[in-house]
Each structure stands twice: as C-alpha cells, then as structure tokens.
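By convention here, the first residue in the shown sequence is residue 1.
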Amino acid sequence: MPAVLPSASPLASPSRPIGVMLINLGTPDAPNTPDVRRYLKEFLSDPRVIDINPLGRWLLLNLFILPFRPAKSAAAYKKVWMQDGSPLLVYGRALQNGVQASLNKKAPGRYEVRLAMRYGQPSIPSVLQELLQHDLERLLVLPLFPQYSSAASGSALERVLELVARSWNVPSVDTFDAFYDAPAFINAFRDVAAPLLEAFAPDHVLFSYHGLPERQVKKSDTTGTHCLASATCCETITPANRFCYRAHCVATTKALVQALHLPPQKHSFSFQSRLGRTPWIKPYTDEVLPQLAQQGVKRLAVFSPAFVADCLETVEEIGLRAREQWLSLGGEDLLLIPSLNDNPVWVEGLAAMILDR
C-alpha cells in the first residue's frame, strides 16, 4: 500500500541516500516493573491496540492492567533477557546490521537502514529524525509484521506518516505491504525449521500466532459480511478479507506446510497471547494443547510465524510456559522453532525486497 508524499525537492539526485526504517513492536528498556509499566502504558494506550472508547480504555488500563500486569511481565522478561537487552532488540539490531551490509555490497552508500520500535526505544520519532538528517531521496517504511493488523502494521504506519506529514524536509515515502506468503519470508522459515524438524521428528506441528480480538478482525472486513461469518471464511484471500489478519495467518500456514512438505493431518494452527474477557480469534493455543495430548501426540513442534524475531511471546510464552503445560499433559517433548532473527536467508531476502522496491 504505497503512500507517496511530495518530495522535498524536485531535483532528486541518485547520489542522495534512500532511508529504510524497519519497524517492530517494541520492548521495555529493562526487565523491571517501572520500565515494563512505562512500556505497557505507551503500548496499551494506543487506540488501535485497545480499540474501545477512550474512557473505557483509560479505566481498563489504569484500574485493571497497570496496577498488576507490569510486575508479572517483568518477571517473564527476566527469564529471556539477554546481555545486550531484550531478544527483540538484540535480534532487531542484528537484522538491521545484516541488511545494511547486504545492501552496501549491492549498492554501496545508497541505503541508510535503521531499526525503530513502535513503542519504547529506539522510537519512531528519534529514528525518523536521524534518517531525515541524511537529506533522503526516499524513505522506505517496512513494518516487520508478516500478517497485517491495524493494531501492529496499521499503528506503525500511521505513526510514521503522522510524523512525516509534520516535517519540513519531507521525502517521498513508500510503505510495504504485509509479506505473509512472500518467498523471502517462507523460504527463510523453511531453512530454519527443516533441519530441526528432521532431527526432532515431531508427531505434530503447531503454528501458533499472536491473537487479536474478534472485533478487530471484523473491522478489517470491507463488506461487513465475510470475516468470521463461516468456518471457511479465511481459506482464500479475497477483496473482502485482504486486510484480515486471521486470513493472512491461514495463508502463512499453508505456505509453510507446502514448503516443509508436512504430511496431511499432522499440522494445525492456533492463536496465543489473548488478553481480557472479550472473544479473541480461535482456536486458542492453550486449549489446543490438551486436545493434541488427548489425540496421542507426544512430540510437538511449535512455530510462531507472526514474529520475525524471537521475543517474550516466543521464548517465554511458548518455549517455557507452553512447554511446561505440554509436559504436564503427558507430552514427551516440545520444540520451539526459533524465529528468523538474523538468519542469512532472511537477511538476503529482506534486502532483495528493499532493492525490488
């Protein structure tokens, strides 16, 4: 969905650099309660994330979430924190450096690649300010969310365009579409997972995606009559569900199943990380695990293809908590397939996507 704003100068020169902003969700500065509280406050105050009336959002956040959740989340972050920061930030910086190096080989000095976080640091405003100091010819904005959602991709793009529109040195701006079935994305996950699956020999493969409230999926339906209206509404991407997060997840699952040659009936998908009591898209990961155990599955491999970098939701929620649940159900073992992080195939694929644009 390219969004092109007027160039700062009609005399754009090939010698002027092209800025590339890679955007991920965000992370607290440290795994302690005050830093996590600040992060959650910024994150959950976004009206695209908790899309209810402002008063209801304020009451939910300040009376029910912020007094209790930060301490629990801080404890979870401590379990996965790395020497140089949170996994999302560490792997994000490695990806930035890898893409920058790849582009420099193909077009020396032509690109300036930066990582930004929608919430927390490095913030979108600070990264945009840094990039605009390079007198850019163009700015390419690539949200690192494979499947589109208003709460993630939409919020990141809205924030960038809001800031660019207020700037006096505005370059042309291009934004990238969701890449839920892009060869660069699918092939990288295939290369990460294939040797691990061969060694682990799972009985079943589960694709666990981050969840969304059902109301947000319905809002993405351009017709108002398609999304979640039938059991097969997500099977094919159509004009009605082209912005449907759940349909994108189904498409990602199909592409990975094909790329990995997974046998029929030996794979399924689900959604994790739900919050609150309102209905979220189904099936729920924590409810699917008991069902798989009852079916006799012992060795379970789990992908989290809503993320391109390992983070709290992959390493802690699946790698630790889901694994503990699985073993308590009588499962023999659970393998978390690592995310793409700075895998060379992903680095080169992302660089190719940027060069194509």
Side-chain angles (χ1 to χ4, degrees), residues 1-26 84 88-118 120-146 148 152-179 182-185 187-188 308-309 340-357:
M1 54 188 78
V4 182
L5 300 179
S7 174
S9 166
L11 303 176
S13 165
S15 64
R16 292 164 63 191
I18 294 173
V20 179
M21 186 185 295
L22 306 176
I23 305 178
N24 218 320
L25 191 72
D84 296 325
L88 192 70
L89 182 60
V90 171
Y91 293 128
R93 286 172 171 162
L95 179 66
Q96 171 196 320
N97 293 335
V99 172
Q100 180 73 75
S102 178
L103 292 173
N104 280 343
K105 291 179 182 178
K106 299 174 176 67
R110 182 65 168 141
Y111 292 88
E112 293 287 341
V113 183
R114 298 292 185 275
L115 172 72
M117 297 294 185
R118 175 61 183 91
Q121 301 297 326
S123 69
I124 289 176
S126 65
V127 171
L128 180 61
Q129 183 179 25
E130 179 185 352
L131 283 172
L132 291 180
Q133 291 175 354
H134 289 274
D135 188 27
L136 300 178
E137 175 190 331
R138 300 166 65 202
L139 175 65
L140 306 182
V141 182
L142 202 167
L144 293 172
F145 311 114
Y148 178 85
S153 316
S155 178
L157 294 173
E158 180 181 54
R159 183 63 172 143
V160 172
L161 296 177
E162 172 193 8
L163 293 166
V164 167
R166 298 206 307 256
S167 174
W168 286 92
N169 54 333
V170 179
S172 296
V173 179
D174 282 351
T175 64
F176 282 71
D177 291 334
F179 49 89
F185 171 63
N187 292 343
V308 296
L340 302 182
N341 299 323
D342 59 340
N343 176 273
V345 176
W346 174 230
V347 168
E348 293 303 317
L350 201 56
M353 287 169 58
I354 292 166
L355 288 170
D356 286 345
R357 179 55 61 92

Taking the side chain as every heavy atom from C-beta outward, state whether [X] and [Y] have any pair of such atoms under 4.5 Å apart.
{"X": "L350", "Y": "V308", "answer": "no"}
{"X": "L95", "Y": "L340", "answer": "no"}
{"X": "L132", "Y": "P171", "answer": "yes"}
{"X": "R110", "Y": "I18", "answer": "yes"}
{"X": "L88", "Y": "M117", "answer": "yes"}

Answer yes or no: is there a donor N or O on one side and an acceptor on the other, between the side chain of R138 and the main chain of P17, under 3.5 Å?
->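 Answer holds: no.
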
key: R118 (side chain) donor-acceptor with I23 (main chain) under 3.5 angstrom   =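 No, the answer is negative, given that no donor and acceptor are paired below the 3.5 Å cut-off.
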
Legend entry - Residue pairs involving residues 91-101 (criterion side chain to side chain donor-acceptor pair (under 3.5 Å); sequence neighbours excluded):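 Listed once each, the pairs are Q100-N104.
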
- Does any pair with a residue in residues 153-169 pass salt bridge (charged side-chain N to carboxylate O under 4.0 Å, His left out), and if so which ones, sequence neighbours excluded?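 Checked against salt bridge (charged side-chain N to carboxylate O under 4.0 Å, His left out) - neighbours excluded - the pairs reaching residues 153-169 are R48-E158, R159-E162, E162-R166.
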
Restricting to side chain to side chain contact (heavy atoms under 4.5 Å, CB included), what partner residues turn up for [X], sequence neighbours left out?
{"X": "A152", "value": "F145, S149"}
{"X": "V127", "value": "M21, R114, A116, P122, L131"}
{"X": "P183", "value": "N187"}
{"X": "Q129", "value": "Q133"}

So which heavy atom on [X] is nearest to which on [Y], and how close?
{"X": "P143", "Y": "L157", "result": "CG-CD2, 3.7 Å"}
{"X": "I124", "Y": "A156", "result": "CD1-O, 4.1 Å"}
{"X": "L136", "Y": "R16", "result": "O-NH2, 2.8 Å"}
{"X": "I354", "Y": "F176", "result": "CA-CZ, 4.1 Å"}
{"X": "G92", "Y": "L115", "result": "C-CD2, 3.5 Å"}

Taking the basic N atoms (NZ, or NE/NH1/NH2) and the acidic carboxylate oxygens, is any pair closer than 4.0 Å for K105 and E348?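 E348 and K105: not salt-bridged.
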
_Over 60° means perpendicular and under 30° means parallel, so tell me whether W346 and F179 are parallel, tilted or perpendicular._
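Ring orientation, 0 to 90° scale: tilted.
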
*Report the C-alpha separation of L355 and L103 in whole Å, then their side-chain angles, then the decisive distance to 0.1 Å, and conclude whether the side-chain contact (heavy atoms from CB on, under 4.5 Å) test is met.*
CA-CA 8 Å; L355 288 170; L103 292 173; 3.7 Å; yes

